[in-house]
Amino acid sequence: MAAAEVGDDVLDRDPTMRELELRVAGLVGATDALWTPSGSMGNLIALMHHLDRGDAFLAPAGAHVLDNELGTAAWLAGGMPRPLAHDAGPGKVSPAAVRRAAAGGDGPYHALRTTLLCLENTHNAAGGTVTAPDEHAAVVAAARAAKLKVHLDGARLWHAAVALGVPPAALTVGVDTVQVCLSKGLGAPMGSVVAGSAEFVAHARRLRKMLGGGVRQGGVVAAAGLVALDRIDRLAEDHERARALAAGLRERGWQVSTPQTNIVLISVADLTGTLQRFEASGVRAVPMAGQVRLMTHADLTDADIATALERIGPVDAAAVRADGHRPPVRPGAPTSP
Ligand SMILES: *Cc1c(COP(=O)(O)O)cnc(C)c1O
């Protein structure tokens, strides 16, 4: 970062930032790309580009654009959110559901204009679940046939690609725009990239400026993004550690998801109490979709996983629901190798 060649990205581009953008464009199979300070801003720029005020957009329930971006999709991009149930497995929607939702409405005068499908791979709130290339292609084809634009929130796209053993571009086929994060397990302190056509990127650059996201000597942070891209294959270690963490928790009586990537979800009766208990033992977790979310990332070792398991220890009575109820969202095994 200290040695990065820099320019003025607000004026006439910064060379290191440009290198990062073009490298990401190549990785995701897009013509061009634009750095943004955060993934939320990258998603917002794409939604502002695609939506007119009052347009409805579809997204799988629990999507980051629906639940974790403070309503900016509606507030700033003017979209009417229409969550779709995960009818094709955790985090995934079927082509039929997209067709039905796109066609819905009560006649030409009252009906909302549904113009966009926003996908998420991996799906964060469902537990980092992976959508495979064939499933992705089928849903995108259904959206296209219904004349919808498609944005992919690929904040964790690298995780999906590594889990499936496919190039990231295999998971972006047919989309208009895609957003990818450089900080999700890869170790960059900040930064995302939003990619699409040259026309999209020209407009996106204006929208980024409007949102206050233009930075000058951006090469300093873009250099960290380039290092992050060199570390994509290393994510396989995080996925392995997430599986080890989940297995260890299960042995200790906790009700855990089967991780497909680097996210472990634990179902508990007392969410707040469990988070406090974890925090007190020195293991920081966040609530996600009513469950405890643990995450593995670039800064963790196998020894850290062992330490976390030791500190968390066996499940206590407060974390188990008296009625033995098993909460419904349980990511299963990946549908493709
Ligand atoms: C983290 C994340 C984002 C947003 O990234 P920020 O940089 O935190 O704004 C968007 N979508 C998904 C699925 C994410 O996991």
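Computed from a predicted structure; not experimentally measured. Indexing begins at 1, ligand by ligand and atom by atom, following the structure's order. Counting begins at 1 with the first residue of the sequence.
- Applying the ring pair (Phe, Tyr, Trp, His ring centres under 6.0 Å) test to H123 and every residue at least two apart in sequence or in another chain returns H86.
- L171 pairs with exactly one of L119, L157, V130, V28 by the side-chain contact (heavy atoms from CB on, under 4.5 Å) rule, that one being L157.
- In this structure, the side chains of M190 and W35 come closer than 4.5 Å at one or more pairs of heavy atoms.
- Looking at S38 and S192, their side chains never come closer than 4.5 Å, going by heavy atoms from C-beta outward.
- When all heavy atoms of I263 and N124 are compared, the pair lying nearest together is CD1-OD1, 3.7 Å.
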Are any protein N/O atoms closer than 3.5 Å to the N/O atoms of ligand 1? If there are, list each pair with names and the distance to one decimal place.
residue	atom	partner	partner atom	Å
ligand 1	7 (O)	G39	N	2.8
ligand 1	9 (O)	G39	N	3.3
ligand 1	9 (O)	S40	N	2.8
ligand 1	9 (O)	S40	OG	2.7
ligand 1	11 (N)	D153	OD1	3.1
ligand 1	11 (N)	D153	OD2	2.6
ligand 1	15 (O)	N124	ND2	3.1
ligand 1	15 (O)	R156	NE	2.8
ligand 1	15 (O)	R156	NH2	3.3
ligand 1	15 (O)	K184	NZ	2.9

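- A chain of hydrophobic side-chain contacts below 4.5 Å, direct or via other Ile, Leu, Val, Met, Phe, Trp or Tyr residues, connects V166 to V162.
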